Every structure is written in C-alpha cells, then in structure tokens.
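Notes to accompany the following structure.
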Amino acid sequence: MLLRRLPWMAVSAAKPLPLHSFIGIFTPIPNKLTFPPLSFCSSTSELNNLTHHPQEHETDNRRPQHLKPGLYLVGTPIGNLEDITFRALRVLNAADVILSEDTRHSGKLLHHYNIKTPLMSYHKFNESQREQLVLRRLKQGEIVALISDAGTPGISDPGMELAKLCVSENVPVVPIPGPCALVSALSASGLSTDEFTFVGFLPKHSGSRKKRLMASAEQTATQIFYVPPHKLSQFLEEGSSIFGDTRRCVIAREMTKFHEEFWRGTLDEATKVFSIRQTKGELTILIEGQANSKVEPPSDIELENELRELIENGESLSTFKLKRWYVDFNIHGLMQLCYQIMGK
C-alpha cells in the first residue's frame, strides 16, 4: 500500500528521518490548523486520481456542524503556548464569544493562532453582573467559550458560579481538557499521587488561614496550595510551625516556561532558603501527607501541666489552640480546666 504524502512532510523509506527531528526540536505550529485527510491507496493509479477539491469539502470554520450550543470551559496554556490542544483552538475559533479573565492577556494567545472571535471580560469583580447576560446568550443558542489567564477555568479561577448557573438552567456545560498547574506539579513532584487534596489559595484572614492549615496537617494525602510570590515567606513560616519542620515539600514555579524549577526539601529548609531569595510568578506548593502512625493525644495531666505553664508565662489560649491535637480536645473541658488552674 502507498501512503499519501502530506504536504508538510516528505517521507522516504530509504532514508528515514533522524530521531532528533522529533525530540527536543519544536516546529512552530502554523496559524491555520488545516490538515488534509490521511489516505491509503492500493495502487499508484489510485494515488494519482486523488485530487483535493476545496469547494466540495470545505465548510464554515466558524461553526463546525457537530459543535452544539453551550458553555465550553477551555483549558489554555499555563506558560508554553505549544501546550494548547487542537480541540481547544477549534472551539475558540467557532465560539460566538470568548469570556476572558484578562482580555489583553488572552488577546496575545488568540493573535498567535489567528483567532478572530470577540472577547468579553469575565473576572471575579464582574462575574456576578455578567452571569445573566451570558445565560441569555446561551439560551438563544450561542456557543460561549470561557478561558482563564492560564490553566483550567473554574479551578481557583472564575467560572465555577457560571457553570453552576448553567447546570441549574439545563444549559450544556462542556469541558475542553487542557493544562492545569496542580496536576502538572503533582505528577512531577515525587510525592505520593495516590491521594491528594487541592486547597488552592488560602484565606487572607490569619485565623481562617491557620485553621485551614491545621486541617491539612492532619491529612495523610498530599496537600496542594497555590501561593502568590509575595505570600511565600508567610506561608512557609506558618506551614513549618503547623506541619512540622521535617515535613517534605515541593515548590513548583514557572512551570512549562524557560526558567521552570522544582525545589524539593523540608519545610524548615524551604523557610531558610526562600527568606533570602526572591521569587516571581504564581507558585504551586505541595506538602507530603502525615505519616499513617497517629499521634496519641496528651493525657489530662499533661494538658493541665502545659496549660498551667502557658498561663504562668502570660500566654493566651490562642497559643494552646495551635497545637495539632487541640482539635480532638473538648472545648468545654478546656475552659473548665483553665478556670480551675487560675483559681488555684
């Protein structure tokens, strides 16, 4: 059988392509992603009879026949433009409108692939105002694509509320899989991938943030956080005090970019290293889960002695609450014990 030769690749059985043609060398993706069908012929006569008739086969690229109306959640690159999928490009090209977290940022992606679909801003500050407008367009039969600045929409990015609204209104919600920082970081981390918890961004309030870290510290699953660079030192200091200095962690930065880095070590080591080192770009931080051996809670006598020591040193009850086993202790019993000691 003879293989119809593609216009962009010459294949010779006598002289195969060298291996380095495929490994480590990336050919720029053409702006127009149009590929002729791959045909197999049993003779040279059939091969010669094959001709391309654009007027017979080409259809409107703006609206493929099998793309139904609905909300399309399209994953976009987290750094490297080559990571976008053919399907994502097809949907973005066919959509009536693209909802974008930052139209200027997304405009660069669309320009790179020569996509002319109009953009509409959709971010955390205006999503509640945009929802009804978008829903109305969806019910009119339009194709609406939603993208974030990077990665998968709705995962620590705008999109969750709109998806919930569409589901409640029986509007189709279609995922278009693509890059995702948490999955990329986890797969290359070297930590356990059997079970993991994605926490995302921590609360800004100190009390809520520490409470969430305490809950994560008790889990045996790998914990995954998104941390802004200016919050890294704070995260490592609080994480080290709650998870313990020896807990292993991985800090992934600039993933898929030229300066991609995976830093690995203990939380104590990370606190020291990054206290004198500046970082740029969003960070994905993974912390190994707690060992299966459960720490026995202290006895009543041990609790009483530690609480008495704290009170004598002028410490507040908040210090006592930061203990990892505090969550298992009855708050009513703690208060009674406190009054008892103060009354002695």
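Note that the coordinates shown come from a computational prediction; the quantities given were computed from them, not determined experimentally. Numbers here are sequence positions counted from 1.
Interatomic distance, L286 CG to I224 CD1, rounded to the nearest 0.5 Å: 5.0 Å. The line from CD of E218 to CZ of F243 is 9.5 Å long, rounded to the nearest 0.5 Å. Atom OG of S128 sits about 11.5 Å away from atom CG of L165, to the nearest 0.5 Å. Here CD of E254 is found 7.5 Å from NE2 of H259. Values are rounded to the nearest 0.5 Å. A distance of 10.5 Å separates OG in S148 from CD1 in I78, rounded to the nearest 0.5 Å.
T117 contributes a side-chain N or O that, together with a main-chain N or O of L92, makes up a donor-acceptor pair within less than 3.5 Å. Although no hydrogens or angles enter the test, the distance criterion places no donor-acceptor pair under 3.5 Å between the side chain of T284 and the main chain of A252. Formation of a donor-acceptor pair under 3.5 Å by the T222 side chain with backbone atoms of T193 is not found in this model. With R247 contributing its side chain and S240 its backbone, the two residues share no donor-acceptor pair below 3.5 Å. In this structure, E288 contributes its side chain and R248 its backbone to a donor-acceptor pair below 3.5 Å. With D96 contributing its side chain and V144 its backbone, the two residues share no donor-acceptor pair below 3.5 Å.
Scored by the salt bridge (Lys or Arg N to Asp or Glu O under 4.0 Å) test, D245 finds no partners at all (sequence neighbours excluded). When the salt bridge (Lys or Arg N to Asp or Glu O under 4.0 Å) test is applied to E169, the partners found at least two apart in sequence or on another chain are K139. Remark: F201 engages Y226 in a ring pair (Phe, Tyr, Trp, His ring centres under 6.0 Å) (not counting sequence neighbours). In this structure R136 satisfies the side-chain contact (heavy atoms from CB on, under 4.5 Å) test together with L133, Q140, sequence neighbours excluded. With sequence neighbours excluded, the residues satisfying side-chain contact (heavy atoms from CB on, under 4.5 Å) with V199 are T197, L202, R212, S216, Q223, F225. The side-chain contact (heavy atoms from CB on, under 4.5 Å) check on S208 picks up P203, H205, with sequence neighbours excluded. Remark: V174 pairs with K68, Y72, R87, I176 by the side-chain contact (heavy atoms from CB on, under 4.5 Å) rule, at least two apart or across chains.
L267 and M214 end up in the same hydrophobic cluster when Ile, Leu, Val, Met, Phe, Trp and Tyr side chains are linked at under 4.5 Å. No path of Ile, Leu, Val, Met, Phe, Trp and Tyr side chains, each step under 4.5 Å between heavy atoms, connects L283 with V183, placing them in separate hydrophobic clusters. A single hydrophobic cluster is seen to contain both I285 and I242, as judged by linkage of ILVMFWY side chains at heavy-atom distances under 4.5 Å, directly or through other members. One hydrophobic cluster, built from ILVMFWY side chains closer than 4.5 Å, holds both L135 and V167.
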What side-chain donor-acceptor pairs closer than 3.5 Å can you find for residues 152-159, not counting sequence neighbours?
from, atom 1, to, atom 2, distance (Å)
T152, OG1, P179, O, 3.1

Sequence neighbours left out, cut at 3.5 Å: what donor-acceptor pairs do the side chains of residues 118-127 make with other protein atoms?
from, atom 1, to, atom 2, distance (Å)
S121, OG, N126, ND2, 3.4
S121, OG, R130, NH2, 3.0
H123, ND1, F125, N, 3.3
N126, OD1, H123, N, 2.8
N126, ND2, S121, O, 3.4

key: side-chain contact (heavy atoms from CB on, under 4.5 Å) assessment of L236 paired with S233   = CA-CA 5 Å; L236 291 175; S233 294; 6.0 Å; no

task = Check step by step if side-chain contact (heavy atoms from CB on, under 4.5 Å) holds for L146 and V134.
result = CA-CA 11 Å; L146 172 62; V134 174; over 6 Å; no

message = For a side-chain contact (heavy atoms from CB on, under 4.5 Å) check, start with the C-alpha distance between F198 and L186, then their side-chain angles and the critical distance, and finish with the verdict.
response = CA-CA 10 Å; F198 173 62; L186 178 64; over 6 Å; no

request  = Give the intermediate values and the outcome of side-chain contact (heavy atoms from CB on, under 4.5 Å) for residues K164 and E161.
outcome  = CA-CA 5 Å; K164 288 167 61 177; E161 295 299 332; 3.8 Å; yes

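Judged as a salt bridge (charged side-chain N to carboxylate O under 4.0 Å, His left out), the pairs with a partner in residues 265-278 (not counting sequence neighbours) are, in order, E261-R277, D268-K272. Within the structure, every pair that satisfies the salt bridge (charged side-chain N to carboxylate O under 4.0 Å, His left out) test and touches residues 226-243, not counting sequence neighbours, is listed here: R209-E238.
Closest heavy-atom contact between L213 and G239: CD1-N, 4.4 Å.
Other residues sharing the hydrophobic cluster of I276, ordered by chain and number and joined by side-chain separations under 4.5 Å: none, the residue standing alone.
In this structure, F196 places its CZ atom where only 12 or fewer heavy-atom neighbours from other residues, nucleotides or ligands lie under 6.0 Å away.
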